[in-house]
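Below, all heavy atoms of this structure are taken into account, side chains as well, without hydrogens, waters or symmetry copies.
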Amino acid sequence: MSTSMLHEDLIFLNYKTTNFKNLIEELSHILYKKGYVKESYTSAILEREKQFPTGLKTPGINIAMPHTYPEHVVKPAILVATLENPIDFHEMGNSSNTVPAKLIFMLAVTDPKGHLEILSKLMSIFSQEDKLIDLYNSTQAKEIIDKLNKVLN
C-alpha cells in the first residue's frame with residue numbers, strides 16, 4: 001500500500017524557501033501540478049494548520065507533517081522535503097510554541113483509516129534520533145524512499 005505513496009519526483013533535498021506560508025503553498029502546488037491533490041488542497045492545509053498544527057519536536061531533527069482532509073486529495077502520496085533552513089511550524093498539541101522544522105512530510109491521503117496507519121508508522125521513527133538524522137542527511141531521493149519503505153511496509 002504505502003510503497004505507491006512514495007515517488008522520487010516528490011522528494012526534495014535541501015529545499016530552500018523563506019517562510020511557512022511559502023513552503024506550504026510551494027509544496028502543495030507541486031502535488032497539485034502532478035495530479036495528487038485538488039486545487040483546494042493548499043487553502044485547506046493552511047486552514048487545518050491553524051486549528052491542528054503539525055510541528056513536532058523530535059530528537060535530532062524537528063519535523064512537520066502538514067496534511068488535510070481526504071476530500072482535497074485525488075490520489076495518495078507523501079511528499080518529503082529536507083529543508084536547507086528550518087521553517088517555524090506551530091507545535092502539535094501546543095500551538096503557542098513554534099518548532100523550527102527541517103524535515104517535512106506532506107501527506108495526501110484519501111482514506112482516513114489509512115491516514116492513521118501511516119501516521120502511526122511514521123511516528124515509530126520520529127522518536128529515533130539516529131533514524132531521523134540519517135533520513136535528513138540522505139543525499140538521494142531513492143535513499144529516502146528506501147529508508148521510509150522499511151518503516152511503512
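Contact check for Leu119 versus Val109: no side-chain heavy atoms found under the 4.5 Å cut-off. For the pair Leu13 and Ile144, the minimum side-chain heavy-atom distance is below 4.5 Å. Using a 4.5 Å heavy-atom threshold, the side chains of Met106 and Leu10 count as separate. Looking only at side-chain heavy atoms (C-beta outward), Val74 and Leu31 stay at 4.5 Å or farther from each other. The side-chain heavy atoms of Asn22 and Ile87, taken from C-beta on, include no pair separated by under 4.5 Å. Using a 4.5 Å heavy-atom cutoff, the side chains of Val37 and His72 are not in contact. Proximity of Val73 to Tyr36: side-chain heavy atoms (C-beta onward) are nowhere separated by under 4.5 Å. Considering only heavy atoms from C-beta on, Phe105 comes within 4.5 Å of Val80 through its side chain.
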Run Leu83 and Leu23 through side-chain contact (heavy atoms from CB on, under 4.5 Å) and show every step you take. CA-CA 10 Å; Leu83 303 182; Leu23 177 71; 3.8 Å; yes

For Ile104 and Tyr15, run side-chain contact (heavy atoms from CB on, under 4.5 Å): C-alpha distance rounded to whole Å, both residues' side-chain angles, the deciding distance at 0.1 Å, then the answer. CA-CA 10 Å; Ile104 308 300; Tyr15 192 81; over 6 Å; no

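Nearest heavy atom pair, residue Thr54 against residue Pro66, reads OG1-N, 3.3 Å. Considering all non-hydrogen atoms of both residues, Ser28 and Thr42 come closest at OG-OG1, 2.7 Å. Closest non-hydrogen pair, Pro53 versus His90, comes out as CB-O, 3.2 Å. Closest non-hydrogen pair, Ile118 versus Ile78, comes out as CG2-CD1, 4.0 Å. Considering all non-hydrogen atoms of both residues, Ser138 and Leu135 come closest at OG-O, 2.9 Å. Smallest separation of non-hydrogen atoms from Val151 and Ser124: CG1-OG, 3.6 Å.
We find that Asp146 and Lys142 are joined by a salt bridge, their nearest charged nitrogen and carboxylate oxygen being less than 4.0 Å apart.
With hydrogens and angles ignored, the 3.5 Å screen pairs no side-chain donor or acceptor of Lys102 with any backbone N or O of Tyr136. Put simply, the side chain of Thr82 never gets that close to the backbone of Leu103: no donor and acceptor are under 3.5 Å apart. Remark: the backbone N or O of Asp130 is not paired with any side-chain donor or acceptor of Asp134 at under 3.5 angstrom.
Sparse packing is recorded around NZ of Lys131, with 12 or fewer heavy atoms of other residues, nucleotides or ligands lying under 6.0 Å away.
Phe12 and Leu107 fall into different hydrophobic clusters, defined by Ile, Leu, Val, Met, Phe, Trp and Tyr side-chain heavy atoms under 4.5 Å apart, directly or through other members. Both Met65 and Leu132 are members of a single hydrophobic cluster when ILVMFWY side chains are connected at heavy-atom separations under 4.5 Å. In this structure, Ile61 is a member of the same hydrophobic cluster as Met92, with clusters built from ILVMFWY side-chain heavy atoms closer than 4.5 Å. Hydrophobic clustering (ILVMFWY, side-chain heavy atoms < 4.5 Å, transitive): Val99 and Ile45 are in distinct clusters. When hydrophobic clusters are built by joining Ile, Leu, Val, Met, Phe, Trp and Tyr residues whose side-chain heavy atoms come closer than 4.5 Å, directly or via intermediates, Met123 is not grouped with Phe52.
In this structure, the separation between OG on Ser95 and CD on Gln51 is 11.0 Å, given to the nearest 0.5 Å. The distance from atom NZ of Lys150 to atom CG of Leu152, rounded to the nearest 0.5 Å, is 12.5 Å. Put simply, CG on Leu46 and OH on Tyr41 are 10.5 Å apart, with the number rounded to the nearest 0.5 Å. Once rounded to the nearest 0.5 Å, the distance linking CD1 of Ile11 with CD1 of Ile145 reads 4.5 Å.
The aromatic rings of Phe89 and Phe20 lie perpendicular to each other, with more than 60° between the two planes, well past the 30° mark. Ring geometry for Tyr32 against His29 counts as tilted: the plane angle lies between 30° and 60°, on a 0 to 90° scale.
Listed by first and then second residue, the salt bridge (Lys or Arg N to Asp or Glu O under 4.0 Å) pairs involving residues 4-22 are Asp9-Lys34, Lys16-Glu84, Lys21-Glu25 (not counting sequence neighbours).
Taking the ring-ring contact (aromatic ring centres under 6.0 Å, His included) definition, one finds that His67 meets it with His115, sequence neighbours left out.
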